Amino acid sequence: MSNLQAPRGGAKEQSGLRYPTNGKTIYHRPLNRSKTAELSGASFAYLFSEMVSYASKKIESIQDLEKRLNVQGHPIGLKLLDLLLYREPARSQTRPLNIITLLHFIKINVWQHLFGQAADGLEKSSDPSKPDEYMIIDNEPLVNRYISVPRDMSQLNCAAYVAGIIEGVCDGSAFPARVTAHSVGKQEEGELWPGRTVFLVKFAPEVMERESFLGKG
């Protein structure tokens, strides 16, 4: 025991971590290093169609399939929240503190990262009895663009996967919510947005109670 010596160098040398002088790390780099830094549409279509095919095995209803897609998207939302916040400047590297800030973060930051543009709309329920419901609107969800839905499953909306991502972001921000995807576009000739989808965000009672308390302050 007497032959043991303390290691030389400071704590930073022991950890082996090296930080670049510009403050950016590997988490700031795009996953795709192509010239446009965008994922191939064909690659995404193939991967997502396989995900849907896998989730559709041994299901009893459309709701079961949408639930499975939602569950698949949830952990993506949790990790995406941490990644996007980590990329923010140090002074603004804080999680959203109220519902409106959180929803704007999802509408702009999350959508921009996933789909290259902000969501098309953000609304609050006009029903006075449902103050806990908000709606994020996407006129043409990317996940539905390459999916051919059978006639007997016409009510299926594969954007339930995106709903799971939204739910993961909400849960990771300490705003637990239930998020579902609903098709509101009309399948008629001349309809501008036949695939229009509304993501209904219903926050948990404790979130609304906290929001009310903060509002009084």
Side-chain angles (χ1 to χ4, degrees), residues 48 51 55 61-88 91-144 155-185 193 195-217:
F48 188 70
M51 288 175 56
S61 64
I62 295 176
Q63 289 72 24
D64 287 346
L65 175 53
E66 291 183 340
K67 177 61 177 177
R68 289 186 181 183
L69 292 174
N70 184 288
V71 170
Q72 288 178 348
H74 189 273
I76 303 298
L78 291 173
K79 296 176 181 178
L80 183 59
L81 172 66
D82 289 335
L83 176 63
L84 294 180
L85 290 177
Y86 188 84
R87 288 180 174 178
E88 289 289 320
R91 60 186 177 185
S92 59
Q93 214 174 59
T94 58
R95 295 175 185 268
L97 301 180
N98 56 63
I99 290 177
I100 298 301
T101 305
L102 171 64
L103 293 176
H104 275 285
F105 176 81
I106 295 173
K107 176 182 181 291
I108 299 174
N109 299 58
V110 173
W111 241 255
Q112 186 71 38
H113 179 81
L114 293 176
F115 309 118
Q117 62 182 20
D120 297 297
L122 173 62
E123 299 178 5
K124 183 178 181 179
S125 175
S126 57
D127 189 343
S129 65
K130 299 178 180 179
D132 56 346
E133 292 186 355
Y134 292 79
M135 293 164 282
I136 299 174
I137 303 168
D138 193 329
N139 290 333
E140 190 179 9
L142 178 65
V143 294
N144 289 346
Q155 300 300 317
L156 172 65
N157 192 328
C158 292
Y161 178 74
V162 180
I165 296 178
I166 298 173
E167 191 169 318
V169 173
C170 291
D171 290 349
S173 302
F175 286 81
R178 178 76 177 97
V179 184
T180 52
H182 304 270
S183 300
V184 296
W193 303 112
R196 184 180 174 91
T197 296
V198 169
F199 296 93
L200 181 63
V201 185
K202 185 177 179 64
F203 289 100
E206 59 267 25
V207 174
M208 302 308 299
E209 183 179 352
R210 182 178 62 201
E211 195 80 1
S212 176
F213 178 78
L214 293 175
K216 293 178 181 179

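What you are looking at is a predicted structure, and each value in this text was computed from that prediction instead of being measured. The first residue of the sequence shown is numbered 1, and numbering continues consecutively from there.
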Counting C-beta onward and ignoring hydrogens, is there a side-chain heavy-atom pair between Glu133 and Val201 closer than 4.5 Å? no
Is there a side chain to side chain contact (heavy atoms under 4.5 Å, CB included) between Trp111 and Asp138? Walk through the geometry before answering. CA-CA 10 Å; Trp111 241 255; Asp138 193 329; 2.9 Å; yes
Inter-residue atom distance Arg178.CZ - Asp132.CG, 0.5 Å rounding: 13.5 Å
Exam field: side chain Gln117 to backbone Gln112, donor-acceptor pair closer than 3.5 Å: no
Within the structure provided, determine whether Arg87 and His113 are in side-chain contact (heavy-atom separation under 4.5 Å). yes
Apply side chain to side chain contact (heavy atoms under 4.5 Å, CB included) to the pair Val198 and Ile136, showing each step before the final yes or no. CA-CA 6 Å; Val198 169; Ile136 299 174; over 6 Å; no
ring-ring contact (aromatic ring centres under 6.0 Å, His included) involving Phe105 - partner list, sequence neighbours excluded: none
Distance-minimising heavy-atom pair for Ala177 and Cys170: CB-CB, 4.2 Å
Heavy atoms only: give me the nearest Thr197-Ala181 pair and the separation to one decimal. CG2-CB, 4.1 Å
Under a 3.5 Å distance rule, please check whether Glu66 uses its side chain to pair with a backbone N or O of Asn157 as donor and acceptor. yes
Any salt bridge between Asp82 and Arg95, counting N to O under 4.0 Å? yes
Flag the pair Leu102 / Leu97 as yes when at least one side-chain heavy-atom distance between them is below 4.5 Å, and no otherwise. no
With distance as the sole criterion, is a donor-acceptor pair present between the side chains of Ser125 and Asp127 under 3.5 Å? no
Kindly confirm or rule out a cation-pi arrangement of Arg210 over Phe175, judged by NZ or CZ under 6.0 Å from the six-membered ring centre and within 45° of its axis? yes
Does Gln155 use its side chain to pair, donor to acceptor, with the backbone of Ile62 at less than 3.5 Å? no
Can Phe199 and Tyr134 be said to form a ring-ring contact (aromatic ring centres under 6.0 Å, His included), step by step? CA-CA 8 Å; Phe199 296 93; Tyr134 292 79; over 10 Å; no
Leu103 and Phe203: which non-hydrogen atoms are nearest, and at how many Å? CD2-CZ, 4.1 Å
Would you check if the side chain of Ser126 reaches a backbone N or O of Lys124 as a donor-acceptor pair within less than 3.5 Å? no
Applying side chain to side chain contact (heavy atoms under 4.5 Å, CB included) to Leu122 and Ile137, what does each step give before you reach the verdict? CA-CA 6 Å; Leu122 173 62; Ile137 303 168; over 6 Å; no
Would you say Ile99 and Val207 make side-chain contact, with heavy atoms under 4.5 Å? yes
Sidechain-backbone polar pair: Ser212 side chain, Met208 backbone, donor-acceptor under 3.5 Å: no
Quick one: do the His74 and Asp171 side chains pair a donor with an acceptor below 3.5 Å? yes
Non-hydrogen atoms of Ser173 and Leu81 that approach each other most closely: OG-CD2, 3.4 Å
Are the side chain of Asp120 and the backbone of Asn139 linked by a donor-acceptor contact shorter than 3.5 Å? yes
Would you please test Val110 and Leu80 for side chain to side chain contact (heavy atoms under 4.5 Å, CB included) and show each step? CA-CA 8 Å; Val110 173; Leu80 183 59; 3.9 Å; yes
Nearest heavy-atom pair of Ala159 and Pro141: which atoms, and what distance? CB-CB, 4.4 Å
Given side chains that start at C-beta, do those of Leu114 and Ile165 come closer than 4.5 Å, heavy atoms only? yes
Quick one: does Phe115's side chain get under 4.5 Å of Val162's, heavy atoms only? yes
Measuring from atom CZ of Arg68 to atom CD of Gln72, what distance do you get when rounded to the nearest 0.5 angstrom? 9.0 Å
Got a sec: does the NZ of Lys79 have more than 12 other heavy atoms crowding it under 6.0 Å? no
If you take all heavy atoms of Ala55 and Leu69, which pair is closest and at what distance? CB-CD2, 4.2 Å
Do Arg196 and Glu140 meet the salt-bridge criterion of a basic N to acidic O distance under 4.0 Å? no
